Amino acid sequence: MPLLASHRKPRTPVRIPSSAVGFTTVALASVTLLSTQSATAAPSAPKPSIEDVQKRVDTLYREAGSATQEYNRAKDATAEQQDRMDTLLEEAAQRADKVNEARRALGNYAAAQYRTGGLASSMTFFLADDPQSYFDQDQLMKRRSSQQQKAVDDFRTQQLAAAEKRTEAMESLRTLTASQADLRSSKQDVQDKLSEARTLLSELTAQEKARLAELERKKEAEARKKAEKLAAEQAAAKEAADEAAADAATAAAAVSTRTPADTTATGSTPAPAPAASGKGAQALAFAESQIGKPYVWGATGPASYDCSGLTQAAWREAGVDLPRTTWDQVNVGTAVATADLRPGDLVFFYDDISHVGIYKGDGMMVHAPKPGAYVREESIFYMPIYGSVRPG
């Protein structure tokens, strides 16, 4: 039986354009790459807690406070060096004038000698009309020679002094340049710390800011409780001292009544708790009058203050000149324990002594806290206490 031809139509092969193949290949490769990256990418860092943000911001403000003291010190040093530089330049100019005067005197002697000529003493003797004339002329020449030598010596002295003043001025200029560099560096450091703190705070949500404010209120409440405890202890100590003093007075009066001739009392009586000194009260009164003015780093009043600027201005009002920085103010006056604080005393904070306030009493102080805040009353226990001094 003969084979029958197939009536099926042969299939036409479908050709896929090369561009479509390329696109598909790229797409598949992209998906594979993304999957690989997703699998191997490190997890993003967790967002810091509000407590961590609070600690970091507090640290930045404290570091900015320390940098502010560096700035204040550099600013004072720059001002002092500028004054010294101006003085040295003035003195150098005066020395230059004296050198010019000495040079003119030498020029006059040189011109006179050129006009008259220099003769040996033997020639002067032979040319003289008589011996007495020779001796007169010789004495005149000796006096002139002495004056010339004095002029030379004076010129050399003035020239040396002028050179010394120029050297001092150059050294002062180098010191001034270094102080100005320190000033710029400290200023930049303060600005960097404050900028980082502002950035951290600006990234918080409204809810996080409310939580941060709550933490601040809690911290303030705890500090106030410690202040109240100190106030109670100081009040109890004062009451005990007052009672002891009253008992001593009564006993002394009784002894005096029994033996008028013997007015010596036996035993010792605790002294009453000290009140604010006149100068301390004046300093505190000034500080209280500044409450509400803004904190500005590097400011010394009258419109704004940093912490040591406020204490310096307050004690200046009481007639006491304090240094500019907390690091120097802590060394002025008498050191006192926290339990023995009196109004007007200076209380210093942190291990780096980067903050200071004026004690008011009852565990409270007046201080210029930090950027964005205002001069206010606050518990001395809001920050870790370094120590306290009593100026005056």
Side-chain angles (χ1 to χ4, degrees), residues 54 58 61-62 65 213-242 272-295 301 304-318 320 322 326 329-330 332-351 353-392:
Q54 181 190 39
D58 287 347
Y61 279 140
R62 180 180 60 79
E214 179 61 29
L215 291 176
E216 286 292 329
R217 285 191 293 270
K218 182 179 179 181
K219 183 179 178 181
E220 291 171 0
E222 292 173 353
R224 189 172 290 275
K225 285 182 180 179
K226 292 180 180 179
E228 291 170 354
K229 180 181 178 182
L230 175 62
E233 291 172 352
Q234 290 179 330
K238 184 177 185 305
E239 184 178 357
D242 290 343
S277 65
K279 291 183 178 180
Q282 285 180 313
L284 174 61
F286 178 87
E288 289 179 319
S289 70
Q290 307 306 302
I291 289 177
K293 292 185 177 180
Y295 175 102
S304 57
Y305 299 90
D306 63 18
C307 65
S308 56
L310 176 64
T311 53
Q312 184 186 47
W315 272 94
R316 186 188 299 117
E317 187 71 13
V320 177
L322 294 181
T326 54
Q329 290 181 8
V330 74
V332 175
T334 305
V336 294
T338 301
D340 299 327
L341 285 169
R342 297 194 311 207
D345 290 347
L346 301 181
V347 186
F348 298 87
F349 302 91
Y350 300 113
D351 290 340
I353 322 176
S354 56
H355 193 71
V356 63
I358 299 180
Y359 189 67
K360 179 182 179 180
D362 296 334
M364 303 294 288
M365 67 176 170
V366 178
H367 72 142
K370 59 186 178 183
Y374 298 84
V375 176
R376 67 191 183 200
E377 292 182 11
E378 197 151 47
S379 167
I380 61 172
F381 298 102
Y382 184 78
M383 295 166 282
I385 296 174
Y386 173 84
S388 305
V389 299
R390 182 169 300 145

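Quick caveat, the model's predicted, so the values are computed rather than measured. Heavy atoms only: backbone and side chains are in, while hydrogens, waters and symmetry mates are out.
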Take Arg62 and Asp58 through the test salt bridge (charged side-chain N to carboxylate O under 4.0 Å, His left out) and record every step on the way to the result. CA-CA 6 Å; Arg62 180 180 60 79; Asp58 287 347; over 6 Å; no
Taking Trp315 for its side chain and Gly344 for its backbone only, find out whether a donor-acceptor pair lies under 3.5 Å. yes
Taking the basic N atoms (NZ, or NE/NH1/NH2) and the acidic carboxylate oxygens, is any pair closer than 4.0 Å for Arg217 and Glu214? yes
Determine whether the side chains of Thr311 and Gln329 contain a donor N or O and an acceptor N or O closer than 3.5 Å. yes
Please report the shortest heavy-atom distance between Tyr359 and Gln234, naming the atom on each side. OH-OE1, 3.1 Å
For a quick test of reading the model, state the closest non-hydrogen atom pair linking Val375 to Tyr305 and the distance between them. CG2-CD1, 4.5 Å
Should the pair Phe349 and His355 be assigned to parallel (<30°), tilted (30 to 60°) or perpendicular (>60°) ring geometry? tilted
Between Leu230 and Ala339 the two heavy atoms that sit nearest each other are CD1-CA, 4.1 Å
By salt bridge (Lys or Arg N to Asp or Glu O under 4.0 Å) - contacts of Asp362 (at least two apart): none
Ala318 to Ala283 - nearest heavy-atom pair and separation: CB-N, 4.1 Å
I'd like to know if the side chain of Thr326 reaches the main chain of Ile353, judged simply by a donor and an acceptor atom lying under 3.5 Å from each other, with no hydrogens or angles considered. yes
Hey, could you give me each pair passing side chain to side chain donor-acceptor pair (under 3.5 Å) that has a residue in residues 369-384? Not counting sequence neighbours. Glu216-Tyr382, Lys360-Glu377, His367-Glu378, Arg376-Glu378
For the side chain to side chain contact (heavy atoms under 4.5 Å, CB included) test, which of Val356, Leu341, Val389 pairs with Val347? Leu341
Is the shortest side-chain heavy-atom distance between Asp306 and Tyr295 below 4.5 Å? yes
Ignoring hydrogens, what is the shortest heavy-atom contact between Tyr386 and Tyr350? Give both atom names and the distance. CB-O, 3.4 Å
Heavy-atom closest pair, residues Leu310 and Ala287: CD1-CA, 4.4 Å
